[in-house]
Every structure is written in structure tokens, then in C-alpha cells.
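What you see below is based on every heavy atom in this structure, not just the backbone, and it leaves out hydrogens, waters and symmetry mates.
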Amino acid sequence: QERAKDVGKRENARIRDEMNRDMEMMEQKLVEIKERKKKEDADRLRKLQEERERAAVNEKAARDKVDREKEAREKERRRELEARESEARRAKEDLLEKRAA
């Protein structure tokens with residue numbers, strides 16, 4: 001009977017040790033999973049931030065391009081207007097010279 005009790009105690013201790021090892025392994029796995037998830041979340045946030053920054057840079061570049069194009073059109077319009085005004089002045093001067101002659 002004592003022997004049976006000892007065998008039972010040893011078996012219970014072995015089972016308890018095995019359960020403790022299993023629990024430690026599960027806790028370690030949980031820690032690893034949490035660390036991996038934290039890293040993945042940080043990577044995802046970093047990528048989103050980089051994407052936002054790239055989008056902002058691209059948007060600014062597009063706005064700058066539109067501004068440059070608008071400025072070039074305005075410059076061309078002013079040049080055309082100045083050319084027409086200059087031509088009109090020359091025509092007026094020519095007309096005045098012809099009248100004076």
C-alpha cells in the first residue's frame with residue numbers, strides 16, 4: 001500500500017512537472033507571439049507613415065508642377081500681350097509718320 005502511494009505520488013509529481021513545463025512553454029510562446037505582433041504593428045505603422053509621407057511629397061510635387069505650368073502660361077500671355085502692344089505702338093507710329101508726311 002505504501003509502495004502504491006509512493007508510485008502514485010511520483011506519477012503525480014511527474015505529471016505536475018510536465019504540466020509546469022507545458023505551461024512555461026505556452027507562456028514563452030505567448031510572449032513570442034505578443035512580441036511578433038508588436039513588431040508587426042510597428043512595421044505596419046512605419047509603412048503607413050512612409051506611405052503618407054510619399055503621398056504628401058507626390059502631392060506637393062504635383063501642386064508645384066501645376067503652379068509652374070500656370071506661371072509659364074501667365075508669362076507667355078504677358079509676352080504675347082507685350083508683343084501685341086509693341087506692334088500696336090509701331091503701327092500707330094507708322095500711321096502718325098504717314099499722316100505727317
_Matching residue for Arg78 among Lys75, Glu80, Glu76 - test: side chain to side chain contact (heavy atoms under 4.5 Å, CB included)_ = Lys75
*Are Lys92 and Leu95 close enough that some pair of their side-chain heavy atoms sits under 4.5 Å apart?*
no
*So how far is it from Leu30 CG to Met25 CE, rounded to the nearest 0.5 Å?*
13.5 Å
*Any chance you could pull the hydrophobic cluster mates of Met23, using side-chain heavy atoms under 4.5 angstrom and chaining through other members?*
Met26
*Roughly how far, to the nearest 0.5 Å, is the CZ atom of Arg46 from the CG atom of Leu48?*
10.5 Å
_Using salt bridge (charged side-chain N to carboxylate O under 4.0 Å, His left out), reason through Glu93 and Arg90 one step at a time and then give a plain yes or no._
CA-CA 5 Å; Glu93 289 170 1; Arg90 277 195 300 275; over 6 Å; no
Show which side-chain atoms of residues 51-62 pair as donor or acceptor with protein atoms under 3.5 Å away, not counting sequence neighbours.
unit_1: Arg52; atom_1: NH1; unit_2: Gln49; atom_2: OE1; d: 3.0
unit_1: Glu53; atom_1: OE2; unit_2: Gln49; atom_2: NE2; d: 3.1
unit_1: Asn58; atom_1: ND2; unit_2: Arg54; atom_2: O; d: 3.4
unit_1: Glu59; atom_1: OE2; unit_2: Arg63; atom_2: NH1; d: 2.9
unit_1: Lys60; atom_1: NZ; unit_2: Asp64; atom_2: OD1; d: 3.4
unit_1: Lys60; atom_1: NZ; unit_2: Asp64; atom_2: OD2; d: 2.9

*Give, for atom CZ of Arg89 and atom CD of Glu82, the distance between the pair rounded to the nearest 0.5 Å.*
9.0 Å
_Point-to-point distance, once rounded to the nearest 0.5 Å, from CG of Asn12 to CG of Asp17_ = 11.0 Å
*I would like to know whether Asp43 and Glu40 meet side-chain contact (heavy atoms from CB on, under 4.5 Å); could you show each step before the answer?*
CA-CA 5 Å; Asp43 286 346; Glu40 288 170 355; 5.6 Å; no
*So how far is it from Lys39 NZ to Asp41 CG, rounded to the nearest 0.5 Å?*
11.0 Å
_Does atom CD (Glu87) have a neighbourhood of more than 12 heavy atoms from anything else shown, all under 6.0 Å?_
no
*Any chance you could measure Asn20, atom CG, to Glu27, atom CD, to the nearest 0.5 Å?*
9.5 Å
*Set of residues satisfying side-chain hydrogen bond (donor to acceptor under 3.5 Å, both in side chains) with respect to Lys98, sequence neighbours excluded*: none
